[in-house]
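Please read the structure below before turning to the comments.
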2 protein chains.
Amino acid sequence: MAQTQILSRNQQIVLDIIEKAKGPLKAYSILFNVQKKGINAPQQIYRALDKLIKIGKIHKIESKNAFVACTSSNCEISKATAFSICEKCEVVDEVSDAKLSKFLLKFNDKKGMKFKRFNLEFFGLCKRCKIK
Amino acid sequence: MAQTQILSRNQQIVLDIIEKAKGPLKAYSILFNVQKKGINAPQQIYRALDKLIKIGKIHKIESKNAFVACTSSNCEISKATAFSICEKCEVVDEVSDAKLSKFLLKFNDKKGMKFKRFNLEFFGLCKRCKIK
DNA sequence: TAACAAACTGTTATATTATAACAATTATAA
DNA sequence: TTATAATTGTTATAATATAACAGTTTGTTA
Ligand SMILES: [Zn+2]
Ligand SMILES: [Zn+2]
Ligand SMILES: [Zn+2]
Ligand SMILES: [Zn+2]
């Protein structure tokens with residue numbers, strides 16, 4: 001079992017906001033949301049984000065420069081992340097699929113590179129947007 | 001056979017620089033490199049980049065905000081891109097593997113989303129950096 | 001070929017995302 | 001306890017990207 005990580009004040013504030021959010025949050029939108037709690041500078045946000053990413057509590061959606069809470073129970077170290085992104089409504093979901101991560105972590109590069117980690121972003125139309 | 005795309009002057013200038021580069025280039029480093037050719041503003045670079053991405057001549061490495069020339073003969077439309085990134089020397093290679101892209105393009109989301117496109121970034125140590 | 005539309009260009013200004021650098025404080029561990 | 005690492009606060013600045021406007025070139029078709 002993964003030990004419950006003790007977070008610092010700022011880290012906890014930032015994590016709470018990201019976990020409550022319905023979708024990916026941008027760093028500066030987090031900042032505006034926590035100014036009442038005494039966090040005033042981007043650095044404070046980015047430092048918390050860095051730590052939260054490092055311990056796998058959140059992930060960065062690289063194509064959107066935005067951050068989401070981890071919804072997979074087994075990715076404390078974020079070495080195998082995959083997301084689905086709707087190109088219309090921009091909803092983002094973490095894709096948690098054992099076969100997929102096994103396939104990718106075992107994938108052998110032709111150039112002799114040993115992969116330690118991957119990040120995968122799928123794009124398409126979500127169920128809702130497909131219908132419309 | 002894919003028709004040879006006719007590029008505009010700015011698009012060709014930007015593509016040439018990216019193709020000649022040994023690794024991923026950042027937008028502003030491209031800008032600094034073409035100022036002698038009369039391109040003075042970021043917009044001109046970003047517009048060319050957008051077009052080149054759209055037609056599959058280049059790809060964006062999202063985790064680095066940088067751009068590389070496509071080295072795969074069959075990705076005019078950039079719907080299935082994969083890269084290997086060395087975490088030490090930062091060398092980037094396009095991963096071109098039929099099995100891999102087939103597997104991912106066929107991958108079925110549990111939430112009923114139909115994927116049209118994906119981007120995959122692998123991280124690790126390249127052959128050279130592994131030895132050292 | 002005239003005339004319209006689409007794509008591209010140039011330019012100025014500004015928005016957004018992220019890091020540097022410095023000083024102080026708090027938690028952890030030897 | 002002392003020192004070492006992690007965290008905080010703060011100001012300033014760097015790096016990345018887009019908005020908005022006006023003009024030009026290119027391609028299409030009437
Ligand atoms: Zn996760
Ligand atoms: Zn949608
Ligand atoms: Zn390619
Ligand atoms: Zn390397």
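Throughout, a chain's letter reflects where its sequence line sits, starting with A, and its residues are numbered from 1.
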Atom [atom1] of [X] and atom [atom2] of [N]: how far apart are they, to the nearest Å?
X     : N      : atom1 : atom2 : answer
B/L25 : D/dA17 : CG    : P     : 13 Å
B/K37 : C/dG10 : NZ    : P     : 13 Å
B/R47 : D/dA22 : CZ    : P     : 15 Å
A/I6  : D/dA6  : CD1   : P     : 15 Å
B/L49 : D/dT18 : CG    : P     : 10 Å
B/F32 : D/dA14 : CZ    : P     : 11 Å
B/N10 : C/dG10 : CG    : C1'   : 9 Å
B/I30 : D/dA17 : CD1   : P     : 10 Å

Which one, [options], comes nearest to the side chain of [X]?
X     : options                : answer
B/A41 : D/dT18, C/dT17, C/dT11 : C/dT11
B/F67 : C/dT19, D/dG9, D/dA17  : D/dA17
B/Q43 : C/dA18, C/dA20, D/dA19 : D/dA19
B/N40 : D/dG9, C/dA18, C/dT11  : C/dT11

Phosphate OP1/OP2 of [N]: any [X] side-chain N/O under 4.0 Å:
X     : N      : value
B/K26 : D/dT16 : yes
A/S8  : D/dT8  : yes
A/Y46 : C/dT19 : no
B/K51 : C/dA7  : no
A/K60 : C/dT17 : no

- Query: Any donor and acceptor pair, going by atom type alone, linking the side chain of A/Q44 with main-chain N or O of A/A41 inside 3.5 Å?
  - Reply: yes
- Item | Common cluster, B/F122/A/F122, ILVMFWY with side-chain heavy-atom separation under 4.5 Å | yes
- Assess the pair A/F123 and B/F118: is the distance between their ring centroids shorter than 6.0 Å? no
- Task: Decide if the gap between the ring center of A/H59 and the ring center of A/F67 is smaller than 6.0 angstrom.
- Result: no
- Message: Going by purine N1 to pyrimidine N3 plus the second Watson-Crick contact, or the G-U wobble pair, all under 3.5 Å, which nucleotide sits opposite C/dT11?
- Response: D/dA20
- Nearest-nucleotide 5' precedence on DNA chain C, A/D50 against B/R9: B/R9
- Does B/Q44 or B/N65 map to a spot on DNA chain C nearer the 5' end, using the closest nucleotide for each? B/Q44
- Message: I'd like to know if A/K116 pairs up with B/E87 as an ion pair, taking the criterion as any Lys NZ or Arg NE/NH1/NH2 lying under 4.0 Å from an Asp or Glu carboxylate oxygen.
- Response: yes
- Query: Is B/E121 salt-bridged to B/K64, cutoff N-O under 4.0 Å?
  - Reply: no
- Item | hbond_proxy A/Y28 side chain to C/dA18 base (donor-acceptor, 3.5 Å cutoff) | yes
